[in-house]
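Keep in mind that this is a model prediction, so the values were computed, not measured. For the numbers below, each heavy atom of this structure counts, side chains included, while hydrogens, waters and symmetry mates do not.
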Amino acid sequence: MTTTTDTLNSAAVATKANVYFDGKCVSHSLTLADGTRKSVGVILPSTLTFNTGAPEIMEGTAGSCEYQLAGTTEWIASGPGQKFSVPGNSSFQIRVTGEPYSYICHFG
């Protein structure tokens with residue numbers, strides 16, 4: 001069963017966008033009242049490689065993507081309400097081929 005987070009309550013939002021890969025990925029950083037950090041964003045059709053510092057959980061909210069974790073060769077499909085985990089100090093590739101992929105990135 002998949003569920004999508006519809007609302008993040010009591011969040012401080014950074015109004016300056018984080019723009020990556022010549023605008024193919026745009027996100028905004030959030031800090032919840034309890035100090036938890038997240039970002040919400042969109043990835044336009046492209047294949048991109050992201051490096052992680054902290055572990056991340058990517059949660060799709062619209063559109064779809066395929067991802068490939070560092071050290072693997074398999075591309076795995078992910079869509080709205082689905083999540084995938086990326087270890088800290090690692091990397092992953094993400095491929096969006098159709099409509100833009102909207103996501104929430106949960107750090108920690």
Side-chain angles (χ1 to χ4, degrees):
M1 181 174 160
T2 59
T3 59
T4 302
T5 301
D6 292 323
T7 305
L8 295 169
N9 294 316
S10 302
V13 179
T15 57
K16 183 177 178 185
N18 305 304
V19 181
Y20 305 101
F21 304 104
D22 296 322
K24 292 182 175 82
C25 177
V26 179
S27 69
H28 285 271
S29 299
L30 309 171
T31 304
L32 302 183
D34 66 1
T36 303
R37 293 183 327 111
K38 302 185 183 297
S39 67
V40 295
V42 64
I43 299 174
L44 302 178
S46 55
T47 300
L48 308 173
T49 300
F50 288 90
N51 296 308
T52 62
E56 299 179 4
I57 297 172
M58 294 287 289
E59 176 186 355
T61 59
S64 63
C65 73
E66 294 176 303
Y67 67 91
Q68 184 183 66
L69 299 176
T72 69
T73 58
E74 181 181 7
W75 287 94
I76 301 169
S78 188
Q82 295 180 311
K83 300 176 184 179
F84 62 93
S85 297
V86 183
N89 300 312
S90 187
S91 66
F92 68 101
Q93 289 191 80
I94 190 164
R95 180 166 61 196
V96 176
T97 57
E99 66 180 277
Y101 174 68
S102 297
Y103 66 88
I104 302 169
C105 180
H106 306 268
F107 297 100

Straight-line distance of Ile57 CD1 to Ser85 OG, nearest 0.5 Å:
4.5 Å
Side chains of Asn18 and Ser29: closer than 4.5 Å at any heavy-atom pair?
yes
Do Ile43 and Cys65 have side-chain heavy atoms sitting under 4.5 Å apart?
no
Closest contact, heavy atoms only, Trp75 versus Thr47:
CH2-CG2, 4.1 Å
Please collect all ring pair (Phe, Tyr, Trp, His ring centres under 6.0 Å) contacts where either partner lies in residues 83-105, sequence neighbours excluded, each pair once.
Phe50-Phe92, Tyr67-Phe84, Phe84-Phe92
Over all atoms of both residues, closest heavy-atom pair of Ser78 and Lys83
OG-N, 4.4 Å
Output yes when a side-chain donor or acceptor of Thr61 lies under 3.5 Å from a complementary backbone atom of Ser102, and no otherwise.
yes
Taking all non-hydrogen atoms of both residues into account, name the closest pair between Pro45 and Gly98 and its distance.
CG-O, 3.0 Å
When rounded to the nearest 0.5 angstrom, what is the spacing between CG in Leu69 and OG1 in Thr52?
9.5 Å
Would a hydrophobic clustering, with Ile, Leu, Val, Met, Phe, Trp and Tyr connected at side-chain separations under 4.5 Å, put Met58 with Leu32?
no
With the 4.5 Å side-chain cut-off for hydrophobic clustering, are Phe21 and Leu44 part of the same group?
no
Any idea which heavy atoms bring Gln68 and Glu74 closest together, and the distance?
CG-O, 3.6 Å
Going from CZ on Arg95 to CD on Glu66, what distance comes out if it is rounded to the nearest 0.5 angstrom?
4.5 Å
Polar contact flag, side-chain donor to acceptor under 3.5 angstrom, Asp34-Thr36
yes
Connected via hydrophobic side-chain network under 4.5 Å: Phe107 and Leu30:
no
Please find the pair of heavy atoms, one from Lys38 and one from Ile104, that lie closest to each other, and give the distance.
CD-CG2, 4.3 Å
Are Tyr20 and Val96 connected into the same hydrophobic cluster when the rule is that any two of I, L, V, M, F, W, Y join if their side-chain heavy atoms are below 4.5 Å apart?
yes
Taking the side chain from His28 and the backbone from Ala14, do they hold a donor-acceptor pair closer than 3.5 Å?
yes
Of all heavy-atom pairs linking Gln82 and Ala77, the shortest is OE1-O, 4.3 Å
